[in-house]
Amino acid sequence: MKKGQILEGIIERVDFPNKGIVRTDEGNVTVKNGIPGQKIRFMINKKRGNRAEGRLLEVLEQSPLEIREPQCSIFPACGGCMYQTMAYEEQLRMKEAQVRKLLDEAITAGGQVDAFGQPDYVFEGIRCSPREFAYRNKMEFSFGDEYKDGPLSLGLHKKGSTYDVLTAADCRLVHRDMNVILTCVLDYFRALGVSYYHKISHEGYLRHLLLRRAETTGEILVNLVTTSQREYDLTPLVDKLRTLPLEGKIVGILHIINDSLADVVKSDETRVLYGQDYFYETILGLRFKITPFSFFQTNSLGAEVLYNAAREYIGDTKDMTVFDLYSGTGTIAQILASVAREVIGVEIVEEAVEAAKENAALNGLTNCDFIAGDVLKVLDTITEKPDFIVLDPPRDGIHPKALPKIIDYGVDRLVYISCKPTSLARDLAVFLANGYRVEKVCCVDMFAQGVHTETVCLLSSR
């Protein structure tokens with residue numbers, strides 16, 4: 001097997017995240033962006049020892065699991081969805097198997113096995129998203145072109161492409177209101193002939209369209225992200241947006257200036273063109289004020305499923321001090337506050353901490369304290385000792401130097417919520433090596449049609 005060689009094969013399974021395993025006469029090859037059972041043609045683009053990676057060139061035969069037609073016009077080229085043609089039940093089965101395989105291996109390696117050498121914990125399966133489509137409350141659309149020097153596009157990147165952007169005018173992951181707004185913004189700038197920001201030359205004006213829409217209130221924030229290289233009168237665009245026939249209501253239109261060389265959505269300056277720079281969402285009876293860059297679960301109805309699962313695993317926290325580490329805007333902390341003596345949240349993003357404090361006040365909660373800072377450093381400054389710990393770290397998991405500090409508290413039980421099971425499996429090895437055992441695990445599918453899933457894990461000291 002050589003780099004550049006073109007081969008054919010059938011995807012036998014897909015490991016997390018999105019790693020199709022193709023068996024060939026010369027060994028297994030990992031090929032992304034496929035579905036189990038597809039016969040594909042691919043090119044070897046990496047070869048290191050016995051490990052080979054390939055790039056998908058063509059699907060020669062559909063998988064037997066592909067039993068339905070695509071829901072939008074740009075599937076399967078668009079990188080926003082992966083499994084749209086699979087029945088949702090099959091997506092759930094596949095994700096459940098992916099997570100269980102990772103955790104079984106980690107728990108077995110950690111020595112937590114029964115008399116037969118099998119991993120000794122309870123795996124409670126996967127809980128589905130209440131909505132299979134139109135569930136995302138946030139989407140970052142990019143400006144670009146679908147091919148070099150093509151017309152202006154606004155949407156999502158092609159699978160495996162850094163530059164090509166497909167117009168997502170009928171994206172099914174979001175509410176129809178977002179599609180209507182996207183089309184309005186794209187038509188407006190196409191008519192003016194405005195250029196997008198080119199990542200190589202660092203020239204151009206249009207960067208992103210960040211849309212956020214509350215599930216419960218229907219309130220919408222429209223955030224246009226541009227460079228400062230040009231100035232345009234955006235009043236006509238604001239007028240067009242305000243007269244769109246929407247099911248929800250636009251409560252704020254913002255112009256965000258971003259001159260960063262990196263391809264990230266951030267603000268050097270934010271100008272409010274209309275309304276306000278926040279909206280409200282309700283989760284499990286609690287009200288949350290959300291700003292453009294606030295961290296908030298992208299699937300509001302799915303978040304209720306996730307937090308209910310976490311609350312079940314956490315159990316009774318009466319008269320307890322609870323640490324909510326990596327607390328974001330304090331959603332979990334506030335859900336627990338009504339049944340705990342005190343909840344202390346730690347979050348590195350200062351804006352999220354300010355939002356958490358404001359939301360706690362909004363919900364009349366006085367026993368929540370939120371601290372801005374890196375968990376690794378903040379734990380050295382907190383004098384209180386926790387009775388229970390909730391962990392909800394970013395995708396990369398817990399900092400290796402923070403793990404011993406968390407373990408040293410010696411709490412009887414803790415809950416780890418993970419959006420990346422490979423990070424969870426890595427961190428579990430450390431907990432197992434330090435006297436903890438995994439009691440039970442469940443998954444919550446917050447990303448229907450996509451490759452990711454959330455995992456909730458209860459650990460106890462042995």
Dump the intermediate steps for side chain to side chain contact (heavy atoms under 4.5 Å, CB included) on Val346 and Val353, then the final yes or no. CA-CA 8 Å; Val346 181; Val353 171; over 6 Å; no
For Phe141 and Phe143, what are the C-alpha separation, side-chain angles and deciding distance, and is it a ring pair (Phe, Tyr, Trp, His ring centres under 6.0 Å)? CA-CA 7 Å; Phe141 294 112; Phe143 287 94; 9.6 Å; no
Practice item. With side chain to side chain contact (heavy atoms under 4.5 Å, CB included) as the test, would you mind laying out the steps for Phe42 and Asn33 before giving the verdict? Key: CA-CA 11 Å; Phe42 57 94; Asn33 302 326; over 6 Å; no
Checklist entry - Could you walk me through whether Lys101 and Glu105 pass the salt bridge (Lys or Arg N to Asp or Glu O under 4.0 Å) check? => result CA-CA 6 Å; Lys101 179 175 181 288; Glu105 291 172 353; 3.3 Å; yes
Practice item. Apply side chain to side chain contact (heavy atoms under 4.5 Å, CB included) to Arg311 and Leu284, showing your working. Key: CA-CA 11 Å; Arg311 194 156 56 178; Leu284 295 176; 4.1 Å; yes
_Could you go through Arg287 and Thr282, starting from their C-alpha distance and side-chain angles, then the distance that decides it, and tell me whether this counts as side-chain hydrogen bond (donor to acceptor under 3.5 Å, both in side chains)?_
CA-CA 4 Å; Arg287 201 164 182 233; Thr282 301; 5.2 Å; no
* Asked: Checking side chain to side chain contact (heavy atoms under 4.5 Å, CB included) for the pair Cys443/Phe123: CA distance, chi angles, key distance, verdict?
  -> CA-CA 9 Å; Cys443 302; Phe123 188 83; 4.0 Å; yes
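Closest heavy-atom contact between Leu156 and Glu140: CD2-O, 4.0 Å. Nearest heavy atom pair, residue Val31 against residue Val22, reads CG2-CG2, 4.1 Å. For the residue pair Ala309 and Arg127, the shortest heavy atom distance occurs at CB-NH1, 3.5 Å. Nearest heavy-atom pair, Asn367 versus Ala337, reported as atom, atom and distance to 0.1 Å: ND2-O, 2.8 Å. For Asn299 against Met446, the heavy-atom pair with the smallest separation is ND2-O, 3.3 Å. Pro36 approaches Met94 most closely through the heavy-atom pair CG-SD, 3.6 Å.
Looking only at atom types and distance, the side chain of Gln334 has a donor-acceptor partner in the side chain of Asn363 under 3.5 Å away. No hydrogens or angles considered: a donor-acceptor pair under 3.5 Å links the side chains of Thr216 and Glu281. In this model, a donor atom of one side chain and an acceptor atom of the other lie less than 3.5 Å apart for Ser73 and Asp170. Side-chain N/O atoms of Asp427 and Tyr416 include a donor and acceptor closer than 3.5 Å.
Within a 6.0 Å sphere centred on CG of Asn50, heavy atoms belonging to other residues, nucleotides or ligands number 12 at most. Counting heavy-atom neighbours within 6.0 Å of Asp380 CG, excluding the residue itself, gives a total above 12. Applying the 6.0 Å contact sphere to CZ of Arg341 captures more than 12 heavy atoms from other residues, nucleotides or ligands. Annotation: Glu384, atom CD; neighbour count of heavy atoms from other residues, nucleotides and ligands within 6.0 Å is above 12.
With respect to the salt-bridge test (charged N to carboxylate O, under 4.0 angstrom), the residues Glu96 and Arg100 do not qualify. Between Arg41 and Glu8 there is no salt bridge, since none of the side-chain N atoms of the basic residue sits less than 4.0 Å from a carboxylate O of the acidic one. A salt bridge links Arg437 with Glu439; the closest basic N to acidic carboxylate O contact falls under 4.0 Å. Remark: Glu132 engages Arg68 in a salt bridge, criterion side-chain N to carboxylate O under 4.0 Å. The residues Asp263 and Lys199 are annotated as salt-bridged, a charged nitrogen and a carboxylate oxygen being separated by less than 4.0 angstrom. Comment: Asp369 does not engage Lys357 in a salt bridge, judged by the lack of any side-chain N to carboxylate O separation of less than 4.0 angstrom.
A donor-acceptor pair under 3.5 Å is absent between the side-chain atoms of Asp324 and the main chain of Ile344, judged by distance alone. Although no hydrogens or angles enter the test, the distance criterion places a donor-acceptor pair under 3.5 Å between the side chain of Thr24 and the main chain of Gly27. Formation of a donor-acceptor pair under 3.5 Å by the Lys266 side chain with backbone atoms of Asp268 is not found in this model. Side chain of Thr85 to main chain of Glu69: no donor-acceptor pair is present (N/O by atom type, distance under 3.5 Å, no hydrogens or angles). Between the side chain of Arg136 and the backbone N or O of Ser300 there is no donor-acceptor pair closer than 3.5 Å. Looking at Lys159, its side chain never comes within 3.5 Å of a backbone N or O of Gly79 through a donor-acceptor pair. Within the 3.5 Å criterion, the main-chain N or O of Gly34 finds no donor-acceptor partner in the side chain of Gln38. Using a distance-only test at 3.5 Å, with no hydrogens or angles considered, a donor-acceptor pair links the side chain of His198 to the main chain of Tyr196. Under a 3.5 Å cut-off, the side chain of Lys32 and the backbone N or O of Glu53 do not form any donor-acceptor pair. Within the 3.5 Å criterion, the main-chain N or O of Glu215 finds no donor-acceptor partner in the side chain of Asn137.
Between Tyr197 and His202, the two ring planes are tilted [angle within 30° to 60°].
From Arg51, atom CZ reaches atom CZ of Arg48 across 8.0 Å, with rounding to the nearest 0.5 Å. The NZ atom of Lys405 sits 4.5 Å away from atom CG of Leu376, with the distance rounded to the nearest 0.5 Å. Note that CG of Asn258 is 8.0 Å distant from NE2 of His208, once rounded to the nearest 0.5 Å. Residue Ile335 holds its CD1 atom at 6.0 Å from CG of Leu286, rounded to the nearest 0.5 Å. Between the OG atom of Ser267 and the CG atom of Asp277 there is a distance of 10.5 Å, given to the nearest 0.5 Å. Taking OG from Ser461 and CZ from Phe431, the interatomic distance works out to 12.0 Å, rounded to the nearest 0.5 Å.
Between Val322 and Val390, the closest side-chain pair of non-hydrogen atoms falls below 4.5 Å. Here the side chains of Leu301 and Ser129 are not in contact, with every heavy-atom distance at 4.5 Å or above. In this structure the side chain of Leu458 never reaches within 4.5 angstrom of the side chain of Val438, judged on heavy atoms. In this structure, Thr270 and Pro292 have side chains that are not in contact, with every pair of non-hydrogen atoms separated by 4.5 Å or more. The closest side-chain heavy-atom distance from Tyr83 to Tyr88 is not below 4.5 Å. Side-chain contact between Asn223 and Leu209: absent, with no pair of heavy atoms (C-beta onward) separated by less than 4.5 Å.
Evaluation of the side chain to side chain donor-acceptor pair (under 3.5 Å) rule for Arg172 yields Gln71 as partners, not counting sequence neighbours.
Residue pairs meeting the ring-ring contact (aromatic ring centres under 6.0 Å, His included) criterion with at least one partner in residues 281-335, sequence neighbours excluded, are Phe288-Phe296, Phe323-Tyr409.
Screening Glu351, Arg212, Glu354 for a side-chain hydrogen bond (donor to acceptor under 3.5 Å, both in side chains) with Thr291, the sole residue that qualifies is Glu351.
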